[in-house]
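See below for the structure under consideration.
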Amino acid sequence: MRIFFLDQSGKLGGAELCLIDIAKPYCDGALVGLFADGEFKNLLQQNNIPVEVLTTQAIQVRKESSLLPGLNSLGQLIPLITKVIIKAREYDLIYANTQKALVVGALASFFSRRPLVYHLHDILSTEHFSQTNLRIAVNLANRFASLVIANSQASKTAFIEAGGRRDIVEVVYNGFDPKIYQTDKSAINKLQQDLELEGKFVVGHFSRLAPWKGQHILIDALAKCPPQVTVILVGDALFGEHNYVQQLHQQVAKLGLQNRVKFLGFRSDIPQLMAACDLVAHTSTSPEPFGRVIVEAMLCQKPVVAAKAGGAMELVEHGLNGFLVTPGEPLELAQVITTCLQETEITATIAKNARITASERFDIATINQQITQLLSHLMSA
Ligand code: UDP
Ligand code: GLC
């Protein structure tokens with residue numbers, strides 16, 4: 001099957017990392033078309049997945065944009081849409097991986113008469129999007145997509161509640177290769193030495209720096225934890241959230257936590273860094289659509305504490321293979337961190353359970369089979 005994947009981003013967000021795993025089995029006949037240049041292109045190339053940057057002009061619409069900038073940008077999009085329509089004729093299927101890719105993909109699907117699949121990585125609610133953006137996404141999906149793949153039950157439910165068609169949406173979780181998360185002890189020791197983490201109880205937060213990812217909640221919680229607890233913040237402001245980064249630094253200084261919080265920026269050695277932690281914290285203040293970092297921590301056999309909302313609730317069973325806390329509540333988070341520090345045996349059992357369940361439920365081979373089945377069914381129909 002020849003698939004034309006479309007993604008608006010040149011950056012490495014979760015949706016893009018997920019797409020690499022999905023596109024790999026199809027790489028011979030596939031093309032990934034991007035609407036921006038960047039690290040994502042390089043990683044696709046390293047994985048031998050054909051990729052082309054289709055436009056160098058930035059698309060101005062944001063998640064919270066209203067109708068007018070949206071309409072303005074449609075004009076900007078015409079050369080891109082034309083290019084996508086022409087290219088789409090060389091493929092069997094268009095696979096839109098992001099919202100702007102859905103807009104372009106829907107029009108291209110109509111004019112090239114190729115079926116459209118929309119991989120929904122978002123919770124389509126007003127907590128994340130403007131009404132206008134929601135309406136556009138749902139109407140385009142309803143009208144043009146033959147299949148919507150939702151990354152969790154939570155994303156599927158939000159799609160239907162926003163008016164999305166129930167008969168076209170299927171849930172497929174992100175897949176992972178469990179082998180990547182088995183790390184070498186000596187590499188971990190070296191990291192701990194380099195980052196001066198030895199003897200500390202390390203809580204890792206792995207996410208782009210953005211207000212709704214809630215790094216500020218973890219910093220507030222840290223101020224309520226015993227002094228040996230240290231935090232590493234792994235990730236960068238991918239989409240221009242520079243004010244938030246400044247606020248985080250100010251918050252750390254105000255609480256006198258400079259020696260207990262390390263900002264590591266964007267890293268490519270996530271399994272090793274997770275292995276160097278004692279606990280991984282996920283602190284999103286709005287419902288997380290899926291939450292790759294939660295599964296990655298589980299695969300690394302690390303205890304994980306996640307914000308109890310959205311997809312996270314489908315990944316973690318509290319007290320069995322992780323911990324769930326009320327989103328935006330630093331005190332509750334601090335209590336779980338302190339329990340993990342003190343109750344090492346129970347915590348280790350929970351982490352072990354986490355690795356077993358995550359390896360079973362999110363194995364990339366099984367997930368890719370699910371996608372292949374859905375796409376084959378669609379093509380034969
Ligand atoms: N990640 C990374 N380097 C970093 C921070 C995060 O490679 O410095 C990865 C992380 O391991 C995860 C992805 O980025 O696979 C983030 O996906 P997630 O679903 O957790 O959140 P998103 O950013 O997509 O909302
Ligand atoms: C999006 C979501 C995240 C999800 C990822 C992969 O970036 O924000 O929750 O894990 O896509 O589906």
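Since this is a predicted model, take the numbers as computed values, not measurements. Start at 1 with the first residue, then count along the sequence. Numbering of ligands and ligand atoms starts at 1, following listing order.
- L222 and L331 end up in different hydrophobic clusters when Ile, Leu, Val, Met, Phe, Trp and Tyr side chains are linked at under 4.5 Å.
- Ligand 2 lies under 4.0 Å from heavy atoms of G14, A15, H121, N151, N174, E288, P289, F290, G291, R292.
- Using modelled atom types and a 3.5 Å distance limit, the side chains of S9 and D7 yield no donor-acceptor pair.
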- Message: What verdict does the side chain to side chain donor-acceptor pair (under 3.5 Å) test give for Y26 and T372, after you've listed the backbone C-alpha separation in whole Å, the side-chain angles of each residue and the deciding distance to 0.1 Å?
- Response: CA-CA 10 Å; Y26 297 98; T372 302; 3.0 Å; yes
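- Applying the side-chain contact (heavy atoms from CB on, under 4.5 Å) test between V117 and each of N97, I149, I371 identifies I149 as the sole match.
- Look at K156 and E170 and you find no salt bridge, because none of the NZ, NE, NH1 or NH2 atoms lies under 4.0 Å from a carboxylate O.
- Near ligand 1, residues G14, L17, R208, K213, V234, G235, G265, F266, R267, I270, E288, G291, R292, V293, E296 each place a heavy atom inside the 4.0 Å sphere around the ligand atoms.
- Interatomic distance, NZ of K308 versus CE of M313, reported as 5.5 Å (0.5 Å rounding).
- Here K190 pairs with D194 in a salt bridge; the nearest charged N to carboxylate O distance falls below 4.0 Å.
- A distance of 11.5 Å separates CZ in F362 from CZ in R292, rounded to the nearest 0.5 Å.
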- Message: Please determine whether salt bridge (charged side-chain N to carboxylate O under 4.0 Å, His left out) holds for the pair K41 and E52, giving the CA-CA distance in whole Å, both sets of side-chain angles, and the decisive distance to 0.1 Å.
- Response: CA-CA 8 Å; K41 182 186 80 181; E52 194 176 321; over 6 Å; no
